Enquirer: 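Sharing a structure here in structure tokens format.
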Protein chains: 2
Amino acid sequence: MKRKVTLKQIAKELDVSISTVSKSLKNSPEISEDTRLKVQAFAKLYNYKPNNIALSLKNKKTKTIGIIIPEIVHHFFATVISGIEQVANEQGYNVIVCLSDESFDKEVINLEMLANGSTDGFIMSLSKETQQKKDFHHLQEVINQGMPIVMFDRVANEILADKVIIDDLLAAYQAVNFLIEEGRKKIALITTVDYVSVGKLRTEGYIKALKDHNLPIDENIILKIEDIDNCSDVIEKLIAEQKIDSVFAVNELFAVVAIKEALKKGIKIPEELSVIAFTDGIISKFSTPTITTVSQNGVKMGRKAAEMLIERLEAEDEEEERYRTEVIETNLISRESTQT
Amino acid sequence: MKRKVTLKQIAKELDVSISTVSKSLKNSPEISEDTRLKVQAFAKLYNYKPNNIALSLKNKKTKTIGIIIPEIVHHFFATVISGIEQVANEQGYNVIVCLSDESFDKEVINLEMLANGSTDGFIMSLSKETQQKKDFHHLQEVINQGMPIVMFDRVANEILADKVIIDDLLAAYQAVNFLIEEGRKKIALITTVDYVSVGKLRTEGYIKALKDHNLPIDENIILKIEDIDNCSDVIEKLIAEQKIDSVFAVNELFAVVAIKEALKKGIKIPEELSVIAFTDGIISKFSTPTITTVSQNGVKMGRKAAEMLIERLEAEDEEEERYRTEVIETNLISRESTQT
DNA sequence: TTTCAACACGAAAACGTTTTCGGTTAGCCT
DNA sequence: AGGCTAACCGAAAACGTTTTCGTGTTGAAA
């Protein structure tokens, strides 16, 4: 087991100083060609690679981006990470991933953990609990210390920082419009509880679309679901008791459950019931029928977030405090669960 | 913007030495209660937190685990990361994730990058290209330097290291047995090319099951698919031309495509065609019909891998070179795509 | 009064780099 | 011979910790 070789060891072995070794490896003109080549040959032989930790300490830069997200077992977040990783990689950065598990406390712990030197900046999406408590002091503290944060998807208006979002309201509006233009009148909404920022915005888009077309807002066909695991009962009830002709769901899961319950009752999709879901993931592509969705393009969000963060990290001029909010466009992917 | 405070600054401010500050914060009995409390109060006021990088350099430990996987936009890998992160978190470790993107070169680069001090050890699953080339020198080199590696799922027999796998052969055998006991005679296999280790093992399990029941091996109903994106044509052809009564697919995707193609032709599932897939993911749970699968339990794999790695990292006795291969049990989850 | 222990604290090394600055040698010019 | 300039190299500081060892002061025991 040959441990990693250091400058000091090379210096000792070749009977020169550490500085000489360092300079030689950096092809400094200060060093004669003789010693330079000698050192380089030796370094190559022993496979010398500079120690990242030492470099980080010296440079006060880790070349590492911290990612904090609610969970990873969720296709959308996975795609965002993928996007972040792509540009991080291109620019010589590494990513260190922490999961808040939708818990405020874990989010705080992770953030503070990584803020003590481990990363140069953060890309994050808030946990549900954080959004509910509206407590963002941990973010503010990190920002005050001079670490840039880029927030995506679940962002906080209260925090001044760069952000990458989609226009949830508009996208929902367009999706519901699509259903209306298809001739649907009784459009059910299956959404989350209101403290989830994106859920709320999508609900607003739904309502706006109905209003703009003079359709009534019927609370009986608006479902706000808290517990995602046991949603099938309430959804089944909705379909059984209300004479709806279409469904707009704020995520794939709600949509696919609705479809399943409808099919059980012999309801034809899309003829009798048209379905659109938010978030274009695996499920929509492969369910039967395939589901028309609003595509969020997580990869693009991730790429954009990483670009913004790195740009800020590498800006010489520290004090340019103009925060940007980038809006990623969505598009409706038409599949079998709708008619037109 | 108040930058992070260091021991040195506290020392200067209170007019004591750095050592005194450090010892005070660690409640060393060497320091008088007076100064101890004074320092602690000051540190709390200024929210002092030790710098991780400096600690890493000093302790020669980063408390960080490197994860290198082919891709993250893949439910199985996401669950594994989730499992790793759980126990890492419990034990005070962070995880830094790199994606090889199924490329040998990227795998090498990432590994070497992180091996230079950034992490204490690795958990990884090989890229397809690496498995094809059978070139593992990068792994061997890292191991030789004294960094432990735990491999999971796509492992290399040529490398001596801890491993976490499932018994792919046995699980496939049992799945095919299930179909045979259901009364199926013409069981198609949809698998990957052979250099993917798990694909090969699952194929072997399939063949063994057929042989043990004296069923013929028919090359015409064994599909080895290279390009996962354009698999529907060949699968459609299989279903059209061969009179098969069941399908065993080595992943969810192949299974769901087969089901879709069968339904298009009016073939009833599971009555006329029974389907079992490897890898229990999102698709199987929500497709119509839901798919019977072999569950791999990625979370458990991840947890086990992390436990093994951390155990090795924290073993005082460095030279205990007994590598273990842990086999995670699988189980067949029976759903609507099979009859019994 | 001398001696010794206990107590409280500081200096310095170490981890592995990079970089500035200073120093030595040789050669060249006057 | 004296002085100057390159060319080449090394010492040391710096990043922020922890820890060992040393040192000075105090009080009490002899």
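Below, each value reflects all heavy atoms present in this structure, side chains not excepted, and no hydrogens, waters or symmetry copies. Proteins get letters first, then strands, A, B, ... in listed order; numbering begins at 1 in each. This one's a predicted model, so the numbers in the text were calculated from it and none came from an experiment.
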Enquirer: If you measure from the Lys or Arg side-chain nitrogens to the Asp or Glu carboxylate oxygens, is any gap between B/E71 and B/K128 under 4.0 Å?
Expert: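 Between B/K128 and B/E71 there is no salt bridge, as every charged N stays at least 4.0 Å from the carboxylate O atoms.
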Enquirer: Flag the pair B/I81 / B/I72 as yes when at least one side-chain heavy-atom distance between them is below 4.5 Å, and no otherwise.
Expert: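 In short, these two side chains touch, coming nearer than 4.5 Å.
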Enquirer: Answer with yes or no whether the side chains of B/T79 and B/S82 bring together a donor and an acceptor at under 3.5 Å.
Expert: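 Checked: B/S82/B/T79 side chains show no N/O donor-acceptor pair below 3.5 Å.
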Enquirer: Under 4.0 Å between a side-chain nitrogen and a carboxylate oxygen: does that hold for A/E314 and A/K63?
Expert: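 Between A/K63 and A/E314 there is a salt bridge, with a charged N closer than 4.0 Å to a carboxylate O.
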Enquirer: Hey, are A/E90 and A/R303 close enough for a salt bridge, meaning a charged N less than 4.0 Å from a carboxylate O?
Expert: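 Yes.
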Enquirer: Do the charged groups of A/K8 and A/E13 touch, with an N to O distance under 4.0 Å?
Expert: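 The answer is no: the pair does not qualify as a salt bridge.
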Enquirer: Strictly below 4.0 Å, heavy-atom distances to any atom of DNA chain C: list the hits from residues 109-119 of chain B, or just say none.
Expert: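 Contacting residues: none.
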Enquirer: Does A/K60 reach a base, just sugar-phosphate, or nothing at all? Heavy atoms under 4.0 Å.
Expert: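 Contact class for A/K60: sugar-phosphate only.
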Enquirer: Do nucleotides 23-28 of chain D as a string where each nucleotide becomes B, S or -: B if the base has a protein heavy atom under 4.0 Å, S if just the sugar-phosphate does, - if no protein is that close.
Expert: ------
Enquirer: Less than 4.0 angstrom from a charged side-chain N to a carboxylate O is my criterion; do B/E102 and B/R154 meet it?
Expert: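 The answer is yes: the pair qualifies as a salt bridge.
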Enquirer: Please round to 10 degrees the angle between the axis of the first five pairs and the axis of the last five pairs in the helix from C/dT1-D/dA30 to C/dT30-D/dA1.
Expert: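 That helix gives 90° between its end axes.
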Enquirer: Using modelled atom types only, decide if a donor and an acceptor are shared between the side chain of B/Q140 and the backbone of B/I159 within a distance under 3.5 Å.
Expert: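 Checked: no pair found.
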Enquirer: What are the bounds, 5' to 3', of the part of DNA chain C that sits under 4.0 Å from heavy atoms of chain A?
Expert: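 Nucleotide range with atoms under 4.0 Å of chain A: C/dC15 to C/dC21.
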Enquirer: Please determine, by modelled atom types, if A/H138 and A/E107 share a side-chain donor-acceptor pair under 3.5 angstrom.
Expert: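 Yes - a donor-acceptor pair under 3.5 Å links their side chains.
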Enquirer: Give, ordered by number, those residues of residues 32-55 of chain A having at least one heavy-atom distance below 4.0 Å to an atom of DNA chain D; if nothing qualifies, reply none.
Expert: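 By residue number: A/S32, A/T35.
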Enquirer: Enter the distance from A/I123:CD1 to A/M308:CE here, rounded to the nearest 0.5 Å.
Expert: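 Result: 10.0 Å between the selected atoms.
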Enquirer: Which residue lies toward the 5' end of DNA chain C, A/K23 or B/K23, if each is placed at its nearest nucleotide?
Expert: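 Going by which nucleotide is closer to the 5' end, it is B/K23.
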Enquirer: Which label fits B/F42 and B/Y46: parallel for a plane angle under 30°, tilted from 30 to 60°, or perpendicular past 60°?
Expert: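 The arrangement is parallel - the two ring planes meet at less than 30°.
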Enquirer: Heavy-atom count check: over 12 atoms from other residues, nucleotides or ligands less than 6.0 Å from A/E33 CD?
Expert: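 No, CD of A/E33 has 12 or fewer neighbouring heavy atoms, counting only those of other groups under 6.0 Å.
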Enquirer: We want to know whether B/N27 and B/Q40 form a side-chain donor-acceptor pair, criterion being a heavy-atom distance below 3.5 angstrom.
Expert: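 There is such a pair (donor and acceptor under 3.5 Å, judged by atom type) between the side chains of B/N27 and B/Q40.
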Enquirer: Contact list please: residues 5-21 of chain B against DNA chain C, heavy atoms, distance less than 4.0 Å, in numerical order.
Expert: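 Contacting residues: B/V16, B/S17, B/S19, B/T20.
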